[in-house]
Every structure is written in C-alpha cells, then in structure tokens.
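Below: one structure, written as structure tokens.
Order of the sequence lines fixes the chain letters, A, B, ..., with proteins taken first and strands second; residue numbering starts at 1 for each chain.
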Protein chains: 2
Amino acid sequence: MARNQEQNDKIRKERKEQIRAEALRQFATQGLFATRIADIAAGVGMAQGLLYHYYPSKDMIFVDLIDDALDKLNKASLYVKDMQASAREKILFALQELLKTIETSEQFSDTCRLIAQATNSTAIPEDAQQLIEEKRDIPYEAIATVMAAGQREGSVIAGDPRMLAILFWTSVNGLAIYYSTRKDAGEMPDYRILAKMFLRDKVFGEEE
Amino acid sequence: MARNQEQNDKIRKERKEQIRAEALRQFATQGLFATRIADIAAGVGMAQGLLYHYYPSKDMIFVDLIDDALDKLNKASLYVKDMQASAREKILFALQELLKTIETSEQFSDTCRLIAQATNSTAIPEDAQQLIEEKRDIPYEAIATVMAAGQREGSVIAGDPRMLAILFWTSVNGLAIYYSTRKDAGEMPDYRILAKMFLRDKVFGEEE
DNA sequence: GTCTATATCCAGATAGAC
DNA sequence: GTCTATCTGGATATAGAC
C-alpha cells in the first residue's frame, strides 16, 4: 500500500502543476476576476469540482502563482548582482538576457503580465498584496547595488542609484507588457539601446 | 418649458461627467471586473438604478472612457509631432512633459493605468478591443516620425525608428504604472536619462 | 481520484413608485 | 430625475455518488 501512496503523490503533484500552468496562462491574459474557475478546469481537462481537491479557492491559486513569480524574479536579480563581473558587464548581461527571455519564453512573459496585473490592481487577495509588498523591492535593490558599483568603477552615469534601478526595471517591464500583448510585435529592440541610458561610454562597437 | 429642457440637459451632462470621473478612478485602480456598478454609484452618491439612466451598462462606461483616453494620448502625440522645433527638442520636450504630468496629474496616471488594464487583458468588451486596435498605434507612429527626422538631422542614433518609438513609449508607460501604483514613489527621474537612449550627443549640460 | 448535480451568493440590470 | 425593491443569470464552492 506504500506503493500506491507514492503514485498518488506523484499524480497529485502533476495535477497541481497542470492547474498552475493553466491558471498562469489565463490569469496573465485575462486577469484574476475575468478568469473563471470553470475555464481553468476545462483548460486542464478536469471537472470543476475536482479542482477543489487541489486548491481551496481561486484566490489561493492566484496567491500561489504570485509568490512563485516574485521568487523567480528575485532569484534572477540576485544572480546578476552576485555575478563575477564588472557592473557594466552585469547591466549589459541582464538586459540582454531579459530581452531574450521576453522574446522567447511565453511563460516568462506571462509571469511579467501576472505581476503587472497584480501590482496594477488594488482588488487582489490580501495575501497576494502582502507578498508583493514584501518581495517586490528586491529586484530594485539588487540593480541599485549594481548601479552604485558602476558609479564607483566609473562606467555608470551620476544620479541616485535607486532611481536608475527604477528606470531599469520600468523600461524592461514596459517592454515585456508590450511584447506579450501583441502578436504582431516583431523582433526585440537591441538591448544596448536600453543600456545606453545608464552607461557613460559607448555601448555600440562599430556604429556611432 | 424650454428653460427646463436646458437645465435638464445641463444636469444630465454634469451627472454623466461625475459618473465618468468616478468610474475612471475605480476602473484604473481596480480593473473593469473588480469594479462593481454599485460602487461607482455610491462613489458618485446616487442610487444604483439611477446610473442606468445615464449609461446602459457597465461595459459602455468602460468603452466610453477607453475611447476618451486613447484620443487624449493621440492628440498629445500629434501635437509633439507637429511642433515647430528640431527632433531633438521634440524628444526632450515630450519626455519632460510626460514625466511631469505623470508626477502631478492623478487623472493622467489613471488614464495610463486604464489603458494598461485594457491592453493587458483580453477579457474586455469587444467594442473596447476594437477601439484599441484602431487607435493605439498613433502615438507610436507619431514618435517614429520624430525619430526618423532626428536621424536625418543627425541627433538620433541609428536603428529602426519604429523600434525607437516602441522603446520610447514602453519606457514612459512602465514609469507611469510604477508611479501610479506606489504611494511612496518619491520623485520622478530626470527625463534626460530616458532621452539619453535616443540621442547621439550629450544631454546633460555640466556633468558627464 | 473523479465526476455530476446542486446550494449559495452576489452583481448586473429592470420595474415601478414618488 | 431620483429612489427602493426585485428579477435574473452566472460563478464559486460544496455534496455525494462512483
């Protein structure tokens, strides 16, 4: 009977992951309130009632996804901050990776959109609001640290490093929203144009 | 009796404007679906039933506001495009004005947020979707025209002008969202940092 | 674990009195 | 023009059979 236990656990975990994936897609594209629990269940291919064996409520799915989304973003931010490289290289690397990921990963775009949906509405579950309150500043702080280091090394322009970090993230975020909401978006801009905002010296090799 | 007619029209117009203002605030901060028609009516200080003498449905209020928001943005964009000034000056002026307006005008922030809410969800009324489809590209085209002129005059970096326009608007939009969703936002960044992305030559007077 | 059927609630919209 | 009271539909969540 211990064998069945294991199998059940595995099924349970897989099912939960299916629900999460489907809910992420729908929440990101439609928003929390416009997404019906029946649609998520239908998307997964399970009965509506069954979904409640995995999550106690629609809100809880949302909170779970928000928590996950914030953690992923924070982890990536801290990775960049703690890289072995110059500040200049970190900024260029981060922008290049972010833009590439926005372009190629549907799931990453959805994650950005989910966070946008959540931060842009006061009508989300209180738990989700608290998570955002706690965790949303970490990427800003990480990049601000890099900017300050860049100022010391002479590669980054003068100004409040936190302000530069805000410009960094709001620009990336704006792009992410733009590209995830247009099918006809075309290709991504060159990441070096964004980098040009923050760096004192030339970022383009041949041209300019 | 013609006198009463006039007065009624005036009351009617004022009332409608009150509803619009309240709905804009609530749609922008909560989203279409989380906003209840009862709350809008309460915010205006009228009975729920009375609201239906001014608008046939919640969706129609939303569509009306979206239409208005897009028109305002487009008008401002075309104003900048047709200014009597160099492309470089137009870019600097536009960014300066946009950032100042985001900072000072609650209503402008709400307008940006409303558009963000609308473009970021597929679950909005079809009429609204069509309006967005029709009108949202105008600001991009206007700024792209300015960017192309700037390239000819030698002040703007190389690259697809439409791409530069996308960077222009997504950056501004990201900032607008950021500042409208934080009470503790602090002051706006220097608009010249954003301008630095697009301009070949120095944008800061003394420093750098 | 999975489904169908159902209870419950709530928001949008309407009717009708004043 | 304004209000109160009500209808109606639809979505969340639950109950109970298999």
Length of the line joining B/Ile40:CD1 and C/dG12:C1', which is rounded to integer Å: 11 Å
Nearest-angstrom distance from the residue atom OH of B/Tyr52 to C1' of D/dA5: 15 Å
Closest to side chain of B/Asn8, choosing from D/dG1, C/dG1, C/dC3: D/dG1
Shortest side-chain distance from A/Ala47, nucleotide among D/dC3, C/dT2, C/dT4: C/dT4
Between D/dA13 (P) and A/Met60 (CE): distance, integer Å: 10 Å
Interatomic distance, B/Lys13 NZ vs D/dG1 C1' [rounded to whole Å]: 19 Å
Touch class at under 4.0 angstrom, heavy-atom based, for A/Ile37 against every strand present: sugar-phosphate
Among C/dA13, C/dT2, D/dT12, the one nearest A/Arg15 by side-chain distance: C/dT2
Distance in angstrom units between B/Leu51 CG and C/dG12 P, rounded: 10 Å
Closest listed nucleotide, where the reference is the side chain of B/Lys58 and the choices are D/dT2, C/dA13, D/dA13: C/dA13
Gap between atoms CG and C1', on B/Leu50 and C/dG16 respectively (whole Å): 14 Å
Residue whose closest nucleotide on DNA chain D lies nearer the 5' end, B/Arg12 versus B/Gly49: B/Arg12
Residue B/His53, side-chain heavy atoms: nucleotide from D/dC3, D/dA13, C/dT2 that is nearest: D/dC3
Distance flag, aromatic centroids of A/Tyr140 and B/Tyr178, threshold under 6.0 Å: yes
Flag for B/Glu153-B/Ser155: side-chain donor and acceptor within less than 3.5 Å: yes
Closest to the B/Ser57 side chain, choosing from C/dA13, C/dC3, D/dA11: C/dA13
Nearest-neighbour nucleotide for the B/Met46 side chain, D/dG1, C/dA13, D/dC3 considered: D/dC3
Sugar-phosphate only, base, or nothing, as touched by B/Phe33 at under 4.0 Å among non-hydrogen atoms: nothing
Donor-acceptor side-chain pairing of A/Gln26 and A/Glu22 below 3.5 angstrom: yes
Distance in angstrom units between A/Arg36 CZ and D/dA13 P, rounded: 14 Å
Mutual orientation of the aromatic rings belonging to B/Phe198 and B/Phe168 [parallel < 30°, tilted 30-60°, perpendicular > 60°]: tilted
Parallel, tilted or perpendicular, as decided by the 30° and 60° cut-offs, for the rings of A/Phe27 and A/Phe62: perpendicular
Spacing between B/Tyr54 atom OH and D/dG1 atom C1', to the nearest angstrom: 6 Å
